Protein chains: 2
Amino acid sequence: MGVTRTDIYSEKENRIAAFAKVIGHPARVAILQHLFKINTCICGDLVDEIGLAQPTISQHLKELKNMRLIKGTIEGTRVCYCIDKENWNSMSRLMQDFLGQGLQDGEECC
Amino acid sequence: MGVTRTDIYSEKENRIAAFAKVIGHPARVAILQHLFKINTCICGDLVDEIGLAQPTISQHLKELKNMRLIKGTIEGTRVCYCIDKENWNSMSRLMQDFLGQGLQDGEECC
DNA sequence: AAAATTAATCGTAATATTGCAATATAATTA
DNA sequence: TAATTATATTGCAATATTACGATTAATTTT
């Protein structure tokens, strides 16, 4: 209990859920938003931009990195993060397919 | 701590995150998948379809209902669930806008 | 080399989530 | 009305997540 049973779902279902789970926190949405906006790299202004402590931001960045939605390169004493567009687009497509299923607004059933 | 600070994010960021969070569990993805597939209503076969206990399914359905992604109507002793297409599409659009930001595959920065 | 800067990691407290057994509720059928 | 059927709710145990202070690690500047 407390642990999600991934074994009983399809690969695809697990992937969609895993992607969504990472997006499922406003801090991570805000980080991604910010990285999209200032198309060029940013480093540690995220701590100022968003109002969370540095270790908390670092933790969120780690999760985004684990899901390969962002990548970071060391630049002196700073780290420069940006969207991993290739992977983002791939995950994005997966999600869009899932979301798009609702579009045919046929007969509501109940 | 342990509590997500919604106050420091924009309305939109919170809405995107909240939607994603609900999608962020494979059981709920599987439930939605199933509801999309059998376009017509379904009732309690979800317990058989997915391999979780009845109370667990019921709990996931509740969360989907809270987010207004599905709606259920009582039919005798059963409850008939289906996608709330209007709301689904509205949330879906919100998410698609967010996801779409990555599409312009411009210069990777780092 | 010492001090400063920046980000990651560790440890921990508070809270949330997941899953299920047991039970309750509500409608139907016998 | 009693038994049955289907779903919801309650209570709880296990685990996960979120947030932050303290510390560490790595680089740069003085």
Side-chain angles (χ1 to χ4, degrees), chain A residues 1-9 13-14 17-32 34-35 41-67 70-82 110, chain B residues 1-9 13-14 17-32 34-35 41-67 70-82 110:
Chain A
M1 304 86 201
V3 63
T4 296
R5 301 185 46 187
T6 55
D7 55 304
I8 59 176
Y9 311 103
E13 283 161 349
N14 280 318
F19 177 54
K21 192 173 183 178
V22 175
I23 312 290
H25 192 290
R28 293 191 288 267
V29 172
I31 289 172
L32 291 166
H34 194 70
L35 287 177
C41 285
I42 72 113
C43 308
D45 352 86
L46 284 165
V47 176
D48 306 315
E49 189 66 29
I50 303 167
L52 292 172
Q54 179 267 320
T56 309
I57 295 290
S58 195
Q59 202 173 308
H60 285 303
L61 287 169
K62 193 179 181 180
E63 284 177 69
L64 290 167
K65 234 184 321 182
N66 287 344
M67 191 52 68
I70 65 174
K71 47 188 175 181
T73 46
I74 297 167
E75 240 165 57
T77 142
R78 334 188 138 206
V79 177
C80 172
Y81 283 106
C82 63
C110 42
Chain B
M1 303 93 197
V3 64
T4 296
R5 300 186 49 187
T6 55
D7 54 306
I8 59 176
Y9 310 103
E13 285 161 349
N14 281 317
F19 177 53
K21 192 173 183 179
V22 175
I23 312 290
H25 192 291
R28 294 191 287 267
V29 172
I31 289 172
L32 291 166
H34 194 69
L35 288 177
C41 286
I42 72 111
C43 307
D45 355 82
L46 285 166
V47 177
D48 308 314
E49 190 67 28
I50 303 166
L52 292 173
Q54 181 266 322
T56 309
I57 295 289
S58 194
Q59 201 173 309
H60 285 303
L61 287 169
K62 193 179 181 180
E63 285 178 69
L64 290 167
K65 234 185 322 182
N66 287 344
M67 192 53 67
I70 64 174
K71 47 188 174 181
T73 46
I74 297 165
E75 241 164 57
T77 141
R78 332 190 139 205
V79 177
C80 173
Y81 282 106
C82 62
C110 42

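Owing to the predicted nature of the structure, the values given are computational and were not obtained by experimental measurement. In the text below, chain A, chain B and the rest are named by the order of the sequence lines, each starting its count at 1.
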So which one's nearest nucleotide on DNA chain C is more toward 5', I57(A) or T6(A)? I57(A)
With the threshold set at under 4.0 Å for non-hydrogen atoms, list the residues of residues 17-25 of chain B touching DNA chain C in residue-number order. K21(B), H25(B)
With a 4.0 Å limit, can you tell me whether T56(A) has a side-chain N or O closer than that to the phosphate oxygens OP1/OP2 of dA19(D)? no
Gap between atoms CG and C1', on D45(A) and dT5(C) respectively (whole Å): 14 Å
Expressed as a whole number of angstroms, how long is the span from E63(A):CD to dA7(C):P? 19 Å
By salt bridge (charged side-chain N to carboxylate O under 4.0 Å, His left out) - contacts of D48(B) (at least two apart): none
Side chain of K62(B) only, please: which of dT18(D), dG19(C), dT9(D) is the nearest? dT9(D)
Listed partners of E13(B) passing side chain to side chain donor-acceptor pair (under 3.5 Å), at least two apart: S10(B)
Atom CG of L46(A) to atom C1' of dA19(D): distance rounded to whole Å? 17 Å
Quick one: side chain to side chain donor-acceptor pair (under 3.5 Å) partners of K62(B), sequence neighbours excluded? none
Between CD of Q59(A) and P of dA14(C) the distance, given in whole Å, is 17 Å
Contact under 4.0 Å: R78(A) side-chain N or O vs dA7(C) OP1/OP2: no
Whole-Å gap separating C1' (dA19(D)) and CD1 (I31(A)): 13 Å
Does atom CD1 (I74(A)) have a neighbourhood of more than 12 heavy atoms from anything else shown, all under 6.0 Å? no
Nearest listed nucleotide, side chain of V79(B), among dA16(D), dT7(D), dA7(C): dT7(D)
Is the phosphate of dT17(D) approached by R28(A) (side-chain N or O, under 4.0 Å from OP1 or OP2)? no
Within the structure, does a side-chain N or O atom of Y81(A) lie under 4.0 Å from either OP1 or OP2 of dA8(C)? yes
Whole Å only: how far is the CD1 atom of I50(B) from the P atom of dG19(C)? 11 Å
Send over the distance from R5(B) CZ to dA14(C) C1', rounded to a whole Å. 14 Å
CG of L52(A) versus C1' of dT17(D): gap in Å, rounded? 14 Å
Please encode protein proximity along nucleotides 22-30 of chain C as a string of B, S and -, counting only heavy-atom distances under 4.0 Å. B----SS--
Residue V3(A), side-chain atoms from C-beta onward, closest of dC20(C), dT9(C), dA16(D): dA16(D)
Of dT9(D), dC20(C), dT18(D), the nucleotide closest to the side chain of A53(B) is dC20(C)
With side-chain hydrogen bond (donor to acceptor under 3.5 Å, both in side chains) as the rule and sequence neighbours excluded, what pairs involving residues 19-31 of chain A come up? H25(A)-T4(B), R28(A)-H60(A), R28(A)-E63(A)
